[in-house]
Every structure is written in C-alpha cells, then in structure tokens.
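A short worksheet on the structure shown next.
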Amino acid sequence: MTRSSDRAFLLLLLIAAAAVLATADSGLPVMEEDLDGIESVVGGGLGKKQREFDYFALSLQWPGTMCNGIKKCCTKNGCCRGADTPQVFTIHGLWTDYNDGSWPECCDGPSFDPNEVAPLQSALDRYWPSYSCSKTSNCHGGKGTFWGHEWEKHGTCANPVIHDEYNYFLITLNLYFNYNVTKVLNEEGYVPSNSERYPLGGIIAAIENAFHLTPAVECTKDSIKEIHLCFYKDFKPRDCVLQTNKMVTSSASCPEYVSLPEIESLENGNDVLESLELDAAL
Ligand code: U2P
C-alpha cells in the first residue's frame, strides 16, 4: 500500500470502529442470573459454564524481543519481512479477564472464518503479525492461524460486548491505534536499543501519564516482551490487575531495569536458519 492509501484505509477503519464502539453494549454490570449461559473454560478444559468477563486487556508484543534468536523464517512470520519487519509494538490479542487474575477462554462461538475479516486483512498483516512459523492450536484441537487462535480463545468470550469476529478484530485494531504505546515511549526517550537499560518504573509512568491506566509488563529476562493495556467493558481505560500467579502476566516478571531490544530485519528464506546453524557450529 502507498502511504496515502494507507492513511485513507486507516481513516476508514477508525470511522467504522468509532461507529461500532458507539453502538457496543454499555458494559453496565450484568445480573448474575443473566450470566450462566456463557459456555467456556478457565485456563483450559472445555465445557464449563462461565460467568461474564470483568475487563479487557489489549496485549501488545515487542518485535525486538519476539524476533530475538528466531530460528526459522517463513512468509507469514512478522520477523521475516526484511525492511517491512514491524518497528512498533504489535497486537497479540484482546483478552477478556476476571478481576481475580484468571480468565475465561474458548467460549461458545463460531470457529474463525478468514472471509469475515477480509476487509481488515492488510491491517491485520501489518499490525497483528504472528512471530512464529508454526500453526497455532485452536480451541477445538485443530491448528490454524494466530488470528483464529485469538478469536476462538478470547474473542468468543467477549459477549455481550463484542458479538462477532469482524467486530472483535475491528475493535481491537481501533484500540491499538488510539493507544499508541510505541509513540508514547519514543517521545519519553524509551527508544529501541541493544545497550541501554531503562527503569521499568519510568516506562510504566510514561504509559500511566499518557493513557490514565496502569499497564502490566511482561519480560523475557530483562527484555520487554509484552505490554498490556486494560479497559472496562465500555472501553474506558482502567488499571490492569497485577497478578502474583506465574501463569498471568505481571510486572513482577521484569527486573527493575529493562531493555527494548532493537528490531532485526530478517529476510524471508532459509538463510536465517542456516546462519544460526553456522554460528552455533563456530
Ligand atoms: O501468559 C501466557 C499465556 O496465557 C494467556 N493469557 C495470559 C494472561 C491473560 O490475562 N489471559 C490469557 O489468555 C495468553 O495466551 P494466548 O492468547 O497467547 O494463547 C498468554 O500468551
């Protein structure tokens, strides 16, 4: 896409998303009696009835960390796009969470249908890439795309706020564009670097000041891997729940000083695998 068609596309996307958000359900508390029809699981195991989720978490991934040490390239891997490799936080998913740190997953709903999101495809390719070449397992034992996994595992649990696949992806993209973490961090001097270490507290404070929410941050060693932004069911910002449970994202997984590794632009093809093997042999 050219830059101007890109801009026009994003504008259209934002207008459509604003319309959807304006008509999304209010997120007012739902009576317990209304909640027992949602079929889902908590942390694995299909078939239990679940109550409605409490809040949304927009989970974002840092490509510099995700692509570090990548062993295999393929066309669909976001790490392997040469000069087009993402240079910004990208979307992992819009998760539905409970205030106690657990979450429902794999709720009742239709399986992922790529045709439903065809109008959003270029935005998904660009801002919601997979960082792996393997197919991801879905809720029903099959294997498919990263988008299919996120829709089936999390999107199906977003009722009664989000009712269908198209709106799950549209609303997620819209939140992502409206809460630009990469821009906020860059403006505060937190730029990608393989040598700098930044205070985690400074990074959290920058996001708090910009968005009026406390994020959750997840690290691999000292590298930021994910940042989560949380929202009430009416999409107003709120603090993420900081869990002590290891299963759940927590800023505690990061040390006091963290890095935002530079993003390597890998080319698609076997050359990456071969060069890593060569390095290991030397
Ligand atoms: O943290 C590891 C994986 O657990 C799932 N997760 C985590 C926190 C949360 O609030 N909700 C949630 O679903 C994520 O699984 P995925 O979507 O990747 O399958 C997360 O990666």
Side-chain angles (χ1 to χ4, degrees), residues 1-14 58-94 112 114-138 143-151 168-170 172-177 179-186 190-195 218-220 223-228 259-280:
M1 263 197 299
T2 62
R3 275 181 188 282
S4 59
S5 67
D6 229 7
R7 267 199 296 272
F9 170 75
L10 287 180
L11 191 63
L12 275 176
L13 194 66
L14 288 176
L58 174 67
S59 152
L60 305 172
Q61 299 181 301
W62 179 245
T65 304
M66 299 305 294
C67 299
N68 240 335
I70 181 170
K71 294 200 172 55
K72 193 171 163 225
C73 259
C74 61
T75 325
K76 73 178 176 69
N77 189 330
C79 300
C80 307
R81 295 182 183 165
D84 282 337
T85 299
Q87 300 294 315
V88 292
F89 277 91
T90 58
I91 302 168
H92 181 158
L94 184 65
F112 181 71
N115 295 324
E116 292 278 319
V117 289
L120 308 175
Q121 196 57 57
S122 62
L124 295 178
D125 285 335
R126 191 153 164 190
Y127 302 111
W128 198 327
S130 167
Y131 292 115
S132 153
C133 289
S134 334
K135 288 191 169 172
T136 317
S137 57
N138 64 26
K143 296 251 174 196
T145 60
F146 181 42
W147 303 308
H149 170 81
E150 291 300 307
W151 158 250
Y168 172 72
F169 287 96
L170 182 65
T172 307
L173 285 164
N174 190 46
L175 280 174
Y176 172 75
F177 294 134
Y179 291 84
N180 189 336
V181 167
T182 314
K183 184 163 173 271
V184 164
L185 294 186
N186 286 351
Y190 301 117
V191 293
S193 164
N194 289 337
S195 52
E218 194 183 347
C219 292
T220 298
S223 303
I224 290 188
K225 187 172 117 194
E226 296 211 347
I227 291 185
H228 298 177
S259 72
L260 207 53
E262 288 167 27
I263 299 155
E264 282 184 53
S265 297
L266 304 172
E267 294 295 337
N268 191 17
N270 289 330
D271 47 333
V272 177
L273 180 58
E274 280 162 15
S275 76
L276 278 175
E277 282 170 351
L278 199 62
D279 286 345

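Only a predicted model underlies this, so the values are computations on that prediction, with no experimental measurement involved.
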* Considering residues, nucleotides and ligands other than E264, do more than 12 of their heavy atoms fall under 6.0 Å from its CD? -> no
* Side-chain donor or acceptor of H228 paired with backbone N/O of S59 under 3.5 Å -> no
* Asked: So which heavy atom on P86 is nearest to which on P129, and how close?
  -> CG-CG, 4.1 Å
* Spell out, as yes or no, whether a donor-acceptor pair under 3.5 Å connects the side chain of Q87 to the backbone of T85. => yes
* For residues 60-79, which residue pairs qualify under ring-ring contact (aromatic ring centres under 6.0 Å, His included), counting only residues two or more places apart or in two chains? -> W62-F89
* Asked: If you round to the nearest 0.5 Å, how far is CZ of R126 from CD1 of I91?
  -> 12.5 Å
* Atom OH of Y168 and atom CG of L94: how far apart are they, to the nearest 0.5 Å? -> 5.0 Å
* Is a side-chain N or O of K76 found less than 3.5 angstrom from the main chain of S132, in a donor-acceptor match? -> yes
* Reported OG1-to-CG distance for the pair T90 and D125, which is rounded to 0.5 angstrom -> 12.0 Å
* Which of parallel (below 30°), tilted (30 to 60°) and perpendicular (above 60°) describes Y127 and F177? -> perpendicular
* Partner set under side-chain hydrogen bond (donor to acceptor under 3.5 Å, both in side chains) for S223, not counting sequence neighbours -> S259
* Which atoms form the tightest heavy-atom contact between N194 and P261, and what is the distance? -> OD1-CA, 3.5 Å
* For K183, all residues meeting side chain to side chain contact (heavy atoms under 4.5 Å, CB included), sequence neighbours excluded -> N180, E187
* To do: Begin with the C-alpha distance, continue with both residues' side-chain angles, and end with the deciding distance and a verdict on side-chain contact (heavy atoms from CB on, under 4.5 Å) for F112 and N138.
  => CA-CA 9 Å; F112 181 71; N138 64 26; over 6 Å; no
* Asked: Among all residues two or more places apart in sequence or in another chain, which pass the side chain to side chain contact (heavy atoms under 4.5 Å, CB included) test with N77?
  -> I70, C74, C79, C80, Y131, C133
* Between the main-chain N or O of W128 and the side-chain N or O of W147, is there a donor-acceptor pair closer than 3.5 Å? -> yes
* Results of side chain to side chain contact (heavy atoms under 4.5 Å, CB included) for T220 - residues two or more places apart only -> T65, K225
* Say you draw a straight line from OG1 of T145 to CH2 of W151; how long is it, rounded to the nearest 0.5 Å? -> 13.0 Å
* Heavy-atom closest contact (T172 atom, L58 atom, distance) -> CG2-CD1, 3.7 Å
* **For Y190, ring-ring contact (aromatic ring centres under 6.0 Å, His included) partners two or more places apart** => Y198
* Asked: At what distance, to the nearest 0.5 angstrom, does NZ of K143 lie from OG1 of T136?
  -> 7.5 Å
* To the nearest 0.5 angstrom, please state how far the NE2 atom of H149 sits from the NE2 atom of H92. => 6.0 Å
